[in-house]
> 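So that we are looking at the same thing, I have put the structure below in structure tokens.
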There are 2 protein chains.
Amino acid sequence: MPMRSVDIERVRALPLFQCAAQRTFDNLIAGAFLQKFPAGTTLLMEGDPVDFLYVLIEGLAELQGTWNDKETTLAVLRPVSTFILAAVVLDADALMTARTIERSDILMISGESVRRAMKEDAGFAVAVAEELSGCYRGLVRTVKNQKLRGASERLANYLLAEQVSQGGGPTLILPHEKRVLASLLGMTPENLSRAFANLTDYGVTVNGPQVTLLRPIALDRLAKPDRLIDSHLQPSAARVGMADRECRASAAGTIGALN
Amino acid sequence: MPMRSVDIERVRALPLFQCAAQRTFDNLIAGAFLQKFPAGTTLLMEGDPVDFLYVLIEGLAELQGTWNDKETTLAVLRPVSTFILAAVVLDADALMTARTIERSDILMISGESVRRAMKEDAGFAVAVAEELSGCYRGLVRTVKNQKLRGASERLANYLLAEQVSQGGGPTLILPHEKRVLASLLGMTPENLSRAFANLTDYGVTVNGPQVTLLRPIALDRLAKPDRLIDSHLQPSAARVGMADRECRASAAGTIGALN
DNA sequence: CCCAGCGCTTGATCAATATCAAGTGGGCAA
DNA sequence: TTGCCCACTTGATATTGATCAAGCGCTGGG
């Protein structure tokens, strides 16, 4: 499957590849291939060896973990993000299952060549370390979110985060099924319904996948968003350089570039 | 505070520094200093800028997160481990506060010099990426542990993990106060007591900080440890090379080398 | 030696979340 | 169009975990 040059540029523009030498980048792309997957495809199973670094170019994907016949969503990924980086770096087995939620275009880069590129190109190795740092911090936020907040607080913060990521208007569209959201937020679908019902008093109106926040101030007072948990409200209006990439990782919701 | 050469060697032997060029290592150590802290000292507050990479040489330390006057322990660190690496790499604010639990010897390495070393020494940059990958995967395990298991299951797995890390004998010593363990496992101290009580039927006897596992098979059947959550039972008896460093990260309990 | 404080436990109660069981409505296929 | 399936909702109930309130036992200071 040949890559369109538009897509190559989008990948090249990722923080992960921005600082790589042109030669490094060309080598990585040379052995890579772009593939289309229908919705609901399992890309990689928990416990399997990882042969590729994945880059979601278009569509929507999900990372989930399993234990004892229970299942939980660890992250929902949107374009453009890489995933499974940590396993690739260590040449280890996957700790999470990766699944497409929508029909998706996914770039697969040989894991072996990624490891080689790191050794040969210090700039790229640094970029990998920075990417992983961002992913790591995203997960720290996730754990804090999970351990310190109750269900409706998690939902409230998710909604506020989605609101800004969707332009700041009063109404936002849930990007996937509510059942996935429930799992992501660490509750049952039934409880998500009830959590939405609780937020009615705070001006939250639900209409299918469309949610409207009528009293953002009230909702905010309930949610108590925190820059050390919710990455959407970062103070650094300055510094648009290297270090801001962590901003893409969100604790309550979509964790960009999760591995 | 001059470092003993014994300690220098212990640091040098860390996976993080093993592959670094001698020159890189010397530079890093040159600007570093070793400091002793009494128990209960706050090394770094959540939200503060991070100026140093910390290496716990001796003692016991804790990483905790806060929100809305609630507090949770994210990890308990034992020697020798590094922490706050991710924040150092990104030159970002700390997401967790770091506290000593016991009197501790801590090596502090300039963050600026770490970032410089990464750019100049690809081998070191790769090691940083590998370390971060291990930390990342440790946190993935933590999240799965937290979201998929109930309180007594988490405790049971913690005990089994501690047992192997303390030599595999039937009796083990809790390395810190039970209240810290409770917070680490995501429950209240009261509930930890009750969780211990529940495990009585599975041969768990508690006597102060000393815990004996009389029926390991029964306990194991309850705990259902999983190599994709509990890092203590890794299959890789082979491959003692680079990639095994992740083994030090444990989901249920002490996450070595957490950042 | 005694007492105060603290960590831990235990019991009673309460709140939060999960589970079970219908029931509704929309979309898709026959 | 009809009818079924599936996501979602809602209610009733069960379970789990948190909170509140004593009480116990060890330790360190007076």
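Numbers restart at 1 for each chain; the letters A, B, ... are given by sequence-line order, proteins then strands. In this text the structure is predicted, and so the values were computed from the model without any measurement.
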> Which residues pass the side-chain contact (heavy atoms from CB on, under 4.5 Å) test with B/A223, sequence neighbours left out?
B/A156, B/N157, B/L160, B/P225
> Quick check on the helix from C/dC1-D/dG30 to C/dA30-D/dT1: what's the angle between its two end axes, five base pairs per end, to the nearest 10°?
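It comes to 30° between the two terminal axes.
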> Ignoring backbone atoms, test whether A/N191 places a side-chain nitrogen or oxygen under 4.0 Å from the OP1 or OP2 oxygen of C/dA18.
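True: A/N191 side-chain N/O within range (under 4.0 Å) of C/dA18 OP1/OP2.
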> At 4.0 Å (heavy atoms only), tell me whether B/A197 reaches a base, stays on the sugar-phosphate, or touches nothing.
nothing
> Between protein and nucleotides 23-29 of chain C, what N or O pairs are separated by less than 3.5 Å?
none

> Between C/dC20 atom C1' and A/E190 atom CD, what is the distance in whole Å?
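A/E190 atom CD is separated from C/dC20 atom C1' by 9 Å.
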> Considering only heavy atoms of chain B and a distance under 4.0 Å, specify the first and last nucleotide of DNA chain D in 5' to 3' order that meet this criterion.
D/dG17 to D/dC20
> For a quick check of understanding: with a heavy-atom distance under 4.0 Å over all strands, which category does A/G150 fall into, base, sugar-phosphate or nothing?
sugar-phosphate
> Under the side chain to side chain donor-acceptor pair (under 3.5 Å) test, which residues partner B/D226, sequence neighbours left out?
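Expected list: none.
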> Might you confirm whether atom CZ of B/F196 has over 12 heavy atoms from other residues, nucleotides or ligands at distances under 6.0 Å?
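Yes, the 6.0 Å shell around CZ holds more than 12 heavy atoms from other groups.
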> Output every pair passing side-chain hydrogen bond (donor to acceptor under 3.5 Å, both in side chains) with a member in residues 182-197 of chain B, not counting sequence neighbours, ordered by first then second residue.
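Qualifying pairs: B/T73-B/S183.
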> Rounded to whole angstrom units, what separation is found between the CD atom of B/E177 and the C1' atom of C/dT9?
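Rounded to whole Å, this separation is 15 Å.
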> Just how far, in rounded Å, is P of C/dA18 from CE of A/M187?
8 Å
> Can you name the residues that form a ring pair (Phe, Tyr, Trp, His ring centres under 6.0 Å) with B/F52, not counting sequence neighbours?
B/F33
> Can you check whether B/F83 and B/Y54 have ring centres sitting under 6.0 Å from each other?
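Ring centroids of B/F83 and B/Y54 are less than 6.0 Å from each other.
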> Figure out the CZ/P separation between A/R194 and C/dA15, and round it to whole Å.
17 Å
> Once salt bridge (charged side-chain N to carboxylate O under 4.0 Å, His left out) is applied, what residue pairs with a partner in residues 166-178 of chain A remain, sequence neighbours excluded?
A/E177-A/R179
> Would you please name every residue forming a side chain to side chain donor-acceptor pair (under 3.5 Å) with A/T72, sequence neighbours left out?
B/K147
> Is B/K178 near enough to C/dT9 that one of its side-chain N or O atoms lies under 4.0 angstrom from OP1 or OP2?
yes
> Given atom CG of A/L185 and atom P of C/dA18, what is their separation to the nearest angstrom?
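Atom-to-atom, A/L185 to C/dA18, this comes out as 11 Å.
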> Give me each pair satisfying salt bridge (charged side-chain N to carboxylate O under 4.0 Å, His left out) with a member in residues 39-51 of chain B, each pair once, sequence neighbours excluded.
A/K144-B/E46
> Which pairs count as side-chain hydrogen bond (donor to acceptor under 3.5 Å, both in side chains) when at least one residue sits in residues 210-224 of chain B, sequence neighbours excluded?
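Listed once each, the pairs would be none.
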> Is there any salt bridge (charged side-chain N to carboxylate O under 4.0 Å, His left out) pair reaching into residues 52-73 of chain A, and which pairs are they, with sequence neighbours excluded?
A/R10-A/E58, A/E62-A/R99
